[in-house]
Amino acid sequence: MTPYFTDHNTDVLVIGAGAAGLSLAIRLAVSQRVTLLLKDALPDGASYWAQGGIAVALDASDSAQAHAQDTIAVGAGLCCDEVVKFVTAGARAQLDWLLAQGVSFTEEQDSAGHPRLHLAREGGHGFRRIVHADDATGAAIQNALIAQAQKIPNLTILTSRFAIDLICKPVAHSSCSQTFVSPVDQLNRGGASVWPQAQKSCVGALIYNEIEHCVERWRSRVVVLATGGASHIWQHATNPGAASGDGIAMGWRAGCRVANLEFNQFHPTCLFVPSDQASRRFLLTEALRGEGAYLQLANGERFMSAYHQDAELAPRDVVAQAIHEQMTQHQLSHVYLNISHRNAQFIRAHFPTITAHCLHLGFDLTREAVPIVPAAHYTCGGLVTDIDGATEIPGLYAIGEVACTGLHGANRIASNSLLECFVLSAAAAQHILAYPRDLASATSIEDTLVFDKALDVTSKERQGVARAHQYALQMTMWNDVGIVRNASQLQRAATHLDALKHIVDAYDFTTGANRDWLTLRNLVYVAQLIVRSAMQRTESRGLHYRSDYPEIDFQQARDTVLHNTACPILG
Ligand code: FAD
Ligand code: SIN
């Protein structure tokens, strides 16, 4: 019979196999024993579904500086300049790295007939700057990286592994002299600041093995959270279901700070299919608007020029809020996106995946306007890290959408997210290789026994209850903490979440944990953090729009940082 508990060792444990986790694992496995865990099967994560592409300044008149300026302008006063410069300056090298991994991007011919990368245009960018693989950039990248990863002997990939919690242990100050300075701290305190020295370090993680139905206790020199964002906290999202904020919840429970969770991006244009009750919405890339698609009401009337001089190419917060206002004002279930004025062959050639998907559902992009709605898309906030992806707990890193580096500020400009994954994974790889300590091998983790019985995978009834609570939570977040919120909505959401927290706290995870309950626990933790952050920010800025505080307040040009003083898993 399979034991309830198994012990495992590795040098670096990477949790999450999206763009951030896969690229980091590939870079580290040159010299380290790397174990890469993911919840489901490959390929998964938001990365695989990325459409538009990666922002890289390649045009002769463009520059990394111009890219940085556009990023900062869209970020509504909260981007950290140092991080923006670092990421935009690193774009070219990461593009070269991806090409070396075998990723093929869409090409065109220059005026002399030589091939060059085709650059698409997206909102907020002053230039054509988006390198892409047709309209399925994420799939092209992930397929190439997975093929590379599978060839590396030092790299073990384990699927159906659900990370539950981090294992952190108290450490003596002398063995842990790391000082932590995050860009978020610098922005908020007007200069370099040092967060108090950590009292503990991360030495591993507890993982639920869904194949064997047991818990694995992993000891590791370094743990990396690359678990993606939290958009599935909302009822409608562009992300796959894995985006339930697990890494943010795990980091928070271990004692990490979180920042800027009120800034969740809603993508303006997702296909609306009335009969489709699924929570996942299919994205219609912003690059469609980059090629001239416009937004309209059922009668053909366009409305975006009333909201922004760049009309359909305004930053995403403006476009999503405009659509929301139109839908509310006219009591509509959706508005329309129209690119049918462009040549049909052009549309099919540039957007083959989207054209085929829409056609399959009965919408012909080449001939008609298609119904669209906004949906939750990207988590700008997350675990506070420094510019190397390190959190304030030695031995613990967080990269990709799970982290808040200071790049996106109050609103992420299109196609900077994949870029951040690659730039930060390169930086983190260097930092991890230089990480001197192996506290894990010297630390006893045998007492870390949170789960001592076989996991309950049979009780459908218990799973059903967890799913019902998940649905209720997602509806609350959608209705009360959506594109537009106010104090009474936020209070209503907080009350509901408090009740759910009691239910989750009362649930006996040591004897009855299953994926649905573990997911619910994470959703509740992160939703509470989002609501707390949204309540604190009494202004409208970037992605956070409050109908009771509709103006920006320049006194609030700082990050919302929450600190967990409870830290239940101290070891
Ligand atoms: P993900 O790719 O989401 O990967 C997360 C990984 O963590 C997965 O492997 C998941 O299984 C795993 N995981 C999560 N929780 C656990 C757990 N508890 N235990 C074990 N494993 C876990 N950005 C751009 O820059 N350009 C684009 O064109 C673009 N288009 C997009 C289109 C869509 C439809 C979506 C949804 C997003 C898009 N984005 C785009 C955003 C971008 O794709 C993501 O921000 C980025 O890919 C996140 O990468 P990641 O590696 O951090 O996380
Ligand atoms: C899109 O293709 O519209 C998504 C791009 C992004 O989220 O960066």
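Whatever order the structure lists ligands and atoms in, that order sets their numbers, starting from 1.
The closest side-chain heavy-atom distance from V131 to L119 is below 4.5 Å. Looking at Y525 and R253, their side chains come closer than 4.5 Å, going by heavy atoms from C-beta outward.
Relative ring orientation between H357 and H360 is described as tilted, the plane-to-plane angle lying within the 30° to 60° band.
Which parts of ligand 1 touch R161 is read off a 4.0 Å heavy-atom cut-off, strictly below it: atoms 19 (N), 20 (C). The Y378 neighbourhood of ligand 1 comprises atoms 45 (O), with distances under 4.0 Å to a heavy atom of that residue. The distance from ligand 1 to the heavy atoms of I15 drops below 4.0 Å at these ligand atoms: 19 (N), 20 (C), 21 (N). In the vicinity of T238, heavy-atom distances shorter than 4.0 Å reach the ligand 1 atoms 34 (C), 36 (C). The distance from ligand 1 to the heavy atoms of G400 drops below 4.0 Å at these ligand atoms: 52 (O). Of all atoms in ligand 1, numbered sequentially from 1 with element shown, those under 4.0 Å from a heavy atom of R412 are 23 (N), 24 (C), 25 (O). Ligand 1 places these atoms under 4.0 Å from at least one heavy atom of N416: 25 (O). Of all the atoms in ligand 1, the ones that sit under 4.0 Å from a non-hydrogen atom of F162 are 18 (N), 19 (N).
Judged by the shortest distance from any of its heavy atoms, H377 lies inside the 4.0 Å radius around the atoms of ligand 1.
The salt bridge (Lys or Arg N to Asp or Glu O under 4.0 Å) search around R92 returns none, not counting sequence neighbours.
By heavy-atom distance, the residue among T227, L24, L284 lying nearest atom 14 (C) of ligand 1 is T227. The closest heavy-atom contact to atom 18 (N) of ligand 1, among the options D246, I413, D135, comes from D246. Considering each of C270, G53, C380, S417, the one bringing a non-hydrogen atom nearest atom 45 (O) of ligand 1 is S417. Of the candidates T379, N522, D44, D44 brings a heavy atom nearest to atom 11 (O) of ligand 1.
The closest protein non-hydrogen atom to atom 40 (C) of ligand 1 is A50 CB, 4.0 Å. For atom 51 (O) of ligand 1, the closest heavy atom belonging to the protein is A20 N, 3.0 Å. Scanning all protein heavy atoms for the shortest distance to atom 50 (P) of ligand 1 gives S47 OG, 3.9 Å.
When non-hydrogen atoms are compared, ligand 1 lies under 4.0 Å from the side chain of L283 (C-beta onward) but not from its backbone. The proximity of K39 to ligand 1, defined as any non-hydrogen pair under 4.0 Å, involves the side chain as well as the backbone. Contacts with ligand 1 closer than 4.0 Å are made by backbone heavy atoms (N, CA, C, O) of A226 only, the side chain lying farther away.
The contact shell of ligand 2, taken as protein residues with any non-hydrogen atom closer than 4.0 angstrom, comprises Q51, G52, E122, H267, L283, T285, E286, R316, H377, R412, A414, S415.
Remark: ligand 1 and M250 share no N or O pair separated by less than 3.5 Å (distance only, no angle test).
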Step-by-step side-chain hydrogen bond (donor to acceptor under 3.5 Å, both in side chains) determination, H232 to S244: CA-CA 5 Å; H232 259 281; S244 47; over 6 Å; no

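Only one option out of V402, V223, V224 pairs with I15 in a side chain to side chain contact (heavy atoms under 4.5 Å, CB included); it is V223. For the side-chain hydrogen bond (donor to acceptor under 3.5 Å, both in side chains) with H132, the lone residue among H350, H118, E122 that qualifies is H118.
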